[in-house]
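Sequence lines set the chain letters: A, B, ... in the order given, protein chains first and strands last, and positions in each chain run from 1.
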There are 2 protein chains.
Amino acid sequence: MKDKSDATCEKVHFAIQDTLYVVNGKWKLLILSILVNNGMKRFGELSRESGISPRILSKELHELELNKLITRTVCNTKPVTVEYSSTAYAETLKEVIDAMIRWGQNHRKKIIEQ
Amino acid sequence: MKDKSDATCEKVHFAIQDTLYVVNGKWKLLILSILVNNGMKRFGELSRESGISPRILSKELHELELNKLITRTVCNTKPVTVEYSSTAYAETLKEVIDAMIRWGQNHRKKIIEQ
DNA sequence: GTAACCAGTTACCGAAATGTAAGTAGTTAC
DNA sequence: GTAACTACTTACATTTCGGTAACTGGTTAC
């Protein structure tokens, strides 16, 4: 260790693992970025716009809801529609999402330049 | 879409997926955070401090090296030791790493409070 | 009554990620 | 020569992830 105590290192270790545990996989951060940046979406819209199949999307939305990152609202339309929105808590992930978007855009540039 | 064109949404989509592709899995961001925040580490140190088994650590380090995020230096010690360091390019990921550390620490607090 | 739309769910499958345990290879100390 | 240290690699098993296809259930329009 150069400049941090063992305990601090351990905290950092846990912190990263905790975050990864909540937003793991290929899709959760993408779904959140769509909802956080564009507001409410219906199930079908999310599926089409993200390219996620219904089975996976359904599972991911359940998990995000369990972690209080999105809300699910059933609307009294005919046929029924369901609206998914990001919660205020999900806004706290915006920092992570935006950092990843910026890095990905920059990385793509770097790769193309070569 | 509320405030963004389809093309912009698509770019955001790609950007997130690109980032996830480079730092996928349970371990890469943890390894990078250790190297970025604490400087050079040897193979054994990394394995012990992160709790990653040699097999996985070796694979992850190879992939990080391929993406120019770390460098591998063999030292003329007896027995030979190998030093891993983060590159300048890895520093550009610090924004993502630090955002994840902050979010994870805050999230853990939230969970414990309940 | 049959086709269509919405929001899923179920069954099944293959690939990828991760883990454990043991082994390799070079060097040093006793 | 045997044990111990370094840095891995190999073989194997298991778990998790993600994908396709088909199906359910409720409603509406024709």
Can you check the B/Leu57 CG to D/dA7 P distance for me, whole Å? 10 Å
Where each residue is assigned the nucleotide of DNA chain C containing its nearest heavy atom, which of A/Glu83 and A/Arg55 is assigned the position nearer the 5′ end? A/Glu83
A/Ser33 and B/Val12: CA distance, side-chain angles, deciding distance, side-chain contact (heavy atoms from CB on, under 4.5 Å) verdict: CA-CA 8 Å; A/Ser33 92; B/Val12 166; 3.9 Å; yes
When the distance from CD of B/Glu45 to C1' of D/dC8 is rounded to whole Å, what number comes out? 16 Å
Hydrogens and angles aside, do A/Lys26 and B/Asn24 bring a side-chain donor and acceptor to less than 3.5 Å of each other? no
5'-most by nearest nucleotide on DNA chain D - B/Arg48 or B/His62: B/Arg48
Atom-pair distance (CG on B/Asn76; P on D/dA7), nearest Å: 14 Å
Between P on D/dA11 and NZ on B/Lys59, what's the gap in Å once rounded to a whole number? 17 Å
Using whole Å, what does the distance between atom P of nucleotide D/dT16 and atom NZ of A/Lys26 come to? 19 Å
Find the distance between CD1 (B/Ile31) and CD1 (A/Ile16) and round it off to the nearest 0.5 Å. 10.5 Å
Can you tell me how far apart CE (A/Met100) and NE2 (A/His107) are? Round to the nearest 0.5 Å. 11.5 Å
Taking atom P of D/dT16 as reference, at what distance in whole Å does atom CG of B/Asn24 sit? 18 Å
Provide, to the nearest angstrom, the distance between the CG atom belonging to A/Leu30 and the P atom belonging to D/dC17. 17 Å
More 5' along DNA chain D: B/Val82 or A/Ser53, using each one's nearest nucleotide? B/Val82
Does the side chain of B/Ser58 get closer than 4.0 angstrom to OP1 or OP2 of D/dT9 through an N or O atom? yes
Parallel, tilted or perpendicular: which fits the ring planes of A/Tyr84 and A/Phe43, with parallel below 30° and perpendicular above 60°? tilted
Backbone N or O of B/Thr81 within a donor-acceptor pair of the B/Thr77 side chain at under 3.5 Å? yes
To the nearest Å, how far apart are B/Glu63 CD and D/dC8 C1'? 16 Å
Side chains of A/Trp103 and B/Thr92: any donor to acceptor distance under 3.5 Å? yes
Considering only side-chain heavy atoms of A/Trp27, which listed nucleotide, D/dC5, D/dC8, D/dG18, is closest? D/dG18
Outer limits of DNA chain C sitting under 4.0 Å from a non-hydrogen atom of chain A, read 5' to 3', are C/dC5 to C/dA11
When you check the phosphate oxygens OP1 and OP2 of D/dT16, does a side-chain N or O of A/Tyr21 lie under 4.0 Å from one of them? no
Would you say D/dC8 has OP1 or OP2 under 4.0 Å from some side-chain N or O of B/Arg72? yes
